[in-house]
Amino acid sequence: MIDQFGREINYARISVTDRCNLRCRYCMPECGVKKISHAEILSLEEILRVAEIFARLGIKKIRLTGGEPLLRKNLPSLVRKLKNLPDIEQVTLTTNGVLLKTFARELISAGLDGVNLSLDTLNAKIFSDLTRRNFFAQVLDGLKILLAEKSLDIKINCVPLRGVNDGEILKLAALAKNNTVKVRCIELMPIGCAWESGLKGIPTAEIFSTLENNFGELVPIDKKNSLQGPAQYFRPKNFVGQIGFIDALEHKFCGSCNRIRLTAEGFLKTCLSFDTGLDVKKFLRSGDKELFEKIRETIYHKPKEHFFDGTTKFQMYQIGG
Ligand code: SAM
Ligand code: SF4
């Protein structure tokens, strides 16, 4: 559908849990998060019902995220059902990869179209310092499975952090040399733990020139379609894969933002930086017509552009990145 500022909204990110098996310093407090009961999070049937309404409103792509989405039971069955919804063209997943070895096969047979693997380092020590957990070997297993999988669109997402993983960006980017993956650098967003942790991102221009110094000219790649999102992609000569940059703060792309987010507790959030939206859960008992209308109205009023002042009460692990 088209919102009040003429943007086509066709992409929904659905968080299926806010629990996680890692504790990334920029995302989650060391002590974890207050456990919300199963009754408080949307059931898979409820997620499906909302997704069906999203699809009727013009959503074509759904990304399942978290917390860590692979901790949610019966995720492959949800993927299969979402894929069967008319008008949903793509169902994808964002994961930290710890449980990929266990679930990759099932998810692929359920019809999953793509995986974004969040990976900030290829060094075991930096991994455990940053995530506060020793699951590096499991994540590497997941990475290997993805690199060998030709049917999926694979992206490797890295958040460059000054003094933490500066030296890792080149190694991660080099994964795109012989693999048809997109390695993307994502700017640190000043939300929740990231705001409080004192962690600092690295400007895209600096990363760009480090990459060019090492791999030669980064040739820009044109976007193929409107579902592709805000990343700008480049390919160094001799690379089969691509390198992407998402820097929402440095380059505001709100004017072409096509996305909405649904939290595990059923809050429909239409902009990363504002807490306005709709408590969908409240209306789940309403008839389809009322629920549809409330969701339509909320999406229509999506804010014009983001403004980060540290006041949003939502953390990244609730809104799924
Ligand atoms: N647990 C899954 C994972 O890590 O891929 C999915 C949820 S996680 C919140 C989704 C993405 O958000 C990850 O790629 C993570 O690096 C990113 N993220 C978390 N906090 C962030 C922040 N403050 N700024 C930028 N990206 C952040
Ligand atoms: Fe968990 Fe993902 Fe947040 Fe890391 S970024 S703590 S893996 S939700």
Side-chain angles (χ1 to χ4, degrees), residues 13-33 62-72 75 92-100 103-104 107 112 114-121 126-136 138-139 142-143 146 154-162 164-165 168-169 172 181-204 207 229-231 244-250 253 259 261-264 269 272-273 306 308 310 312 314-321:
R13 299 174 67 97
I14 299 181
S15 171
V16 293
T17 177
D18 59 4
R19 296 187 187 180
C20 191
N21 41 11
L22 300 183
R23 295 285 181 272
C24 304
R25 291 179 186 278
Y26 50 72
C27 179
M28 218 183 238
E30 185 157 22
C31 60
V33 298
I62 291 179
R63 175 170 296 283
L64 299 174
T65 177
E68 175 45 42
L70 295 183
L71 291 176
R72 183 79 196 246
L75 199 74
T92 58
L93 174 80
T94 294
T95 174
N96 60 30
V98 174
L99 293 170
L100 260 180
F103 293 112
L107 289 162
L112 192 72
V115 176
N116 285 11
L117 174 67
S118 305
L119 184 61
D120 298 325
T121 174
I126 299 176
F127 181 91
S128 56
D129 285 349
L130 188 56
T131 66
R132 305 181 177 113
R133 293 292 182 272
N134 290 318
F135 288 138
F136 184 64
Q138 286 86 331
V139 176
L143 174 66
L146 293 183
I154 311 289
K155 296 178 191 129
I156 296 168
N157 288 343
C158 153
V159 180
L161 300 164
R162 178 80 74 205
V164 178
N165 63 351
E168 296 298 295
I169 318 298
L172 287 162
V181 296
K182 300 182 180 87
V183 178
R184 313 191 308 172
C185 296
I186 300 185
E187 192 180 22
L188 182 72
M189 306 295 284
I191 288 184
C193 288
W195 184 270
E196 292 146 19
S197 66
L199 287 166
K200 297 269 175 295
I202 305 175
T204 296
I207 299 169
F245 298 91
I246 302 184
D247 49 359
L249 298 178
E250 271 183 60
F253 36 70
R259 61 188 61 188
R261 293 173 169 86
L262 183 70
T263 71
K269 198 165 154 52
L272 202 55
S273 80
H306 66 62
F308 289 98
T312 172
F314 287 94
Q315 301 259 6
M316 271 301 197
Y317 60 79
Q318 295 172 301
I319 50 188

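Indexing begins at 1, ligand by ligand and atom by atom, following the structure's order. Basis for what follows: all heavy atoms, side chains included, without hydrogens, waters or symmetry-related copies. Predicted, not measured: the structure shown is a model, and the values here were computed from it.
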* To do: Evaluate the side chain to side chain contact (heavy atoms under 4.5 Å, CB included) criterion for residues Arg25 and Leu161: first the C-alpha distance (whole Å), next the side-chain angles of each, then the deciding distance (0.1 Å), finally the verdict.
  => CA-CA 11 Å; Arg25 291 179 186 278; Leu161 300 164; over 6 Å; no

* Asked: Of the backbone and side-chain N, O or S atoms of Cys27, does one lie nearer to atom 3 (Fe) of ligand 2 than 2.8 Å?
  -> yes

* Using a heavy-atom cut-off of under 4.0 Å, does the side chain or the backbone of Cys24 touch ligand 2, or both, or neither? -> both

* Structure fact -> Per side chain to side chain contact (heavy atoms under 4.5 Å, CB included), Cys158 is matched among Asn165, Leu119, Ile186 by Asn165

* Asked: What residue and heavy atom of the protein are closest to atom 23 (N) of ligand 1, and at what distance?
  -> Met189 O, 3.0 Å

* Does ligand 2 have any atom that is closer than 4.0 Å to a heavy atom of Ser118? -> no

* Considering only heavy atoms, does Thr95 approach ligand 1 within less than 4.0 Å through its side chain, its backbone, both, or neither? -> backbone

* Does Ser118, backbone or side chain, put an N or O under 3.5 Å from an N or O of ligand 1? -> yes

* Rounded to the nearest 0.5 Å, how far does CZ of Phe253 lie from CD1 of Ile246? -> 6.0 Å

* To do: Pick whichever of Gly67, Gly201, Gly97, Gly66 has a heavy atom sitting closest to atom 1 (N) of ligand 1.
  => Gly67

* Asked: Quick one: which ligand 1 atoms are inside 4.0 Å of a heavy atom on Glu68?
  -> 1 (N), 2 (C)

* To do: Among all protein heavy atoms, pick the one closest to atom 1 (Fe) of ligand 2 and tell me residue, atom and distance.
  => Cys20 SG, 2.2 Å

* Structure fact -> Near Gly67 (heavy-atom distance under 4.0 Å), the atoms of ligand 2 are 8 (S)

* Asked: Taking only heavy atoms of Val159, which atoms of ligand 1 are found under 4.0 Å from at least one of them?
  -> 16 (O), 26 (N)

